[in-house]
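Before any comments, here is the structure.
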Amino acid sequence: MCPAPGELTPDNVKQALGLESAPGFAPSEHVTPRPPALCSGCGHRDTYDALNRVVREYKDYRVFSDIGCYTLGALPPFRAIHSCVDMGASITMAKGAADAGLWPAVAVIGDSTFTHSGITGLLDAVNSNANITVVISDNLTTAMTGGQDSAGTNKLEAICLGVGVDPAHVRVVVPLPKNMDEITAILREEIEYRGVSVIIPRRECIQTLKRHHKEARQNKTTKS
Amino acid sequence: MKLDIILSGVGGQGILSIAAIIGEAALEEKLHIKQAEVHGMSQRGGDVQSNLRISSEPIRSDLIARGGADLILSLEPMEALRYLPYLSDTGWIVTNAAPFVNIPNYPQVDDPAGPTETLAARHPARRGCAGQREQRPARRQCRAAGRRVADPGHRDRKNRRRHPPLFGRKGDDVVAMNLKALTCGREAAEHIMRKHL
């Protein structure tokens, strides 16, 4: 039998078909795990710092997340999120949990994933006035795949208002350590608000920022 | 002709760029290729690998079985060893010797190339090739790719023509640096092949 979890590989398919696998070399004793990590200076870090401070004040909370760099918030040191299923599932799972009585139910989704498949879930949450807090961590790019443009750049607030989120509960913050008090206060306020609220921590991806600075320097050199 | 390659390294070092260089070179030679998606996180410092299969015949699986890789081409010594169970009995490891230490428990080895050298000594059929230790990442990456370009099936002229568009966006100096590294890599590979094959 092929194992139910994980991917099909030539080795587990061979085993399922009763074919012999080459033994290969034994694993080396010199290898240790090397998990990926959020970049130093990344805005998601400050967002998770703030979110962890606030949600841990509550007894029963869940943070549903999505697919992007910010999924790395599942790993130490943050351990900030409880789920990652498919693109857009952060908002719909938070809604489902809230419908079942969970509070606080928080969704964390990136700007690019939000425009890919988060908007429909948000509309659904608004229509049924679900008691959820949605964090759209906006780094102005599709960072995980190399910094391509993000379809919702400069449109996120308008999209949220367009699907019907109360304008008083669409809040934009700048995720930097110096703003920690402000961000945590806003997160607390919006978790306490009974309804759909959206918080948008917005700061450019540190990788695209470096690239843009380099391009600006090159353009300056070319002109001079 | 069939060649199964595992490209390995740390996210951000350029594994997929290498896969693209070799893959395009193979396509120009009218060969079949399959390249499996990276299993890791691009640019985030995690372990990253790519399965690259090249053949004169159609390829079915895009993954390499245990004991099936002809070559582990690595930008980092510990990452080369991570895929050891996939190396065939007659396979080669070609790795950069400079460790990329971004984890607190990186193995304490006096000589970072030591484990691959030990392996080479234990199994004379394969020999670790220590790369230049002081090279910048982009040059290391192309140096490694250049070693593959030295395969008689891949003509340098074609790769030179192919090469600039890949890094063109990053500026002429980066293209020139990569072409230079590609040539150095090719020379290093020819030296190794003359010595060992």
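In what follows, chains are A, B, ... by sequence order, proteins preceding strands, each numbered from 1.
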- In terms of the angle between their ring planes, are A/Y48 and A/F78 parallel, tilted or perpendicular, with boundaries placed at 30° and 60°? tilted

- Where does B/D62 contact chain A at under 4.5 Å (heavy atoms): side chain, backbone, both or neither? neither

- Item | Side chain, backbone, both or neither of A/T32 within contact of chain B (heavy atoms, under 4.5 Å) | both

- Would you confirm whether A/T9, through its side chain, and A/N12, through its main-chain N or O, come within 3.5 Å as a donor-acceptor pair? yes

- Note on the structure: Ranking A/V31, A/L8, A/L38, A/V13 by heavy-atom pairs under 4.5 Å to chain B gives rank one to A/V31

- Task: Could you check A/D111, A/D138, A/N139, A/T113 and say which one makes a side chain to side chain donor-acceptor pair (under 3.5 Å) with A/S150?
- Result: A/D111

- Query: Side chain, backbone, both or neither: which part of A/P27 has a non-hydrogen atom closer than 4.5 Å to chain B?
  - Reply: both

- Note on the structure: Residue from B/G68, B/A65, B/G67 scoring the most non-hydrogen pairs under 4.5 Å with chain A is B/A65

- Heavy-atom side-chain contact between B/R53 and B/I33 under 4.5 Å: no

- Query: Do B/K2 and B/E57 sit within salt-bridge range, that is, some charged N less than 4.0 Å from a carboxylate O?
  - Reply: no

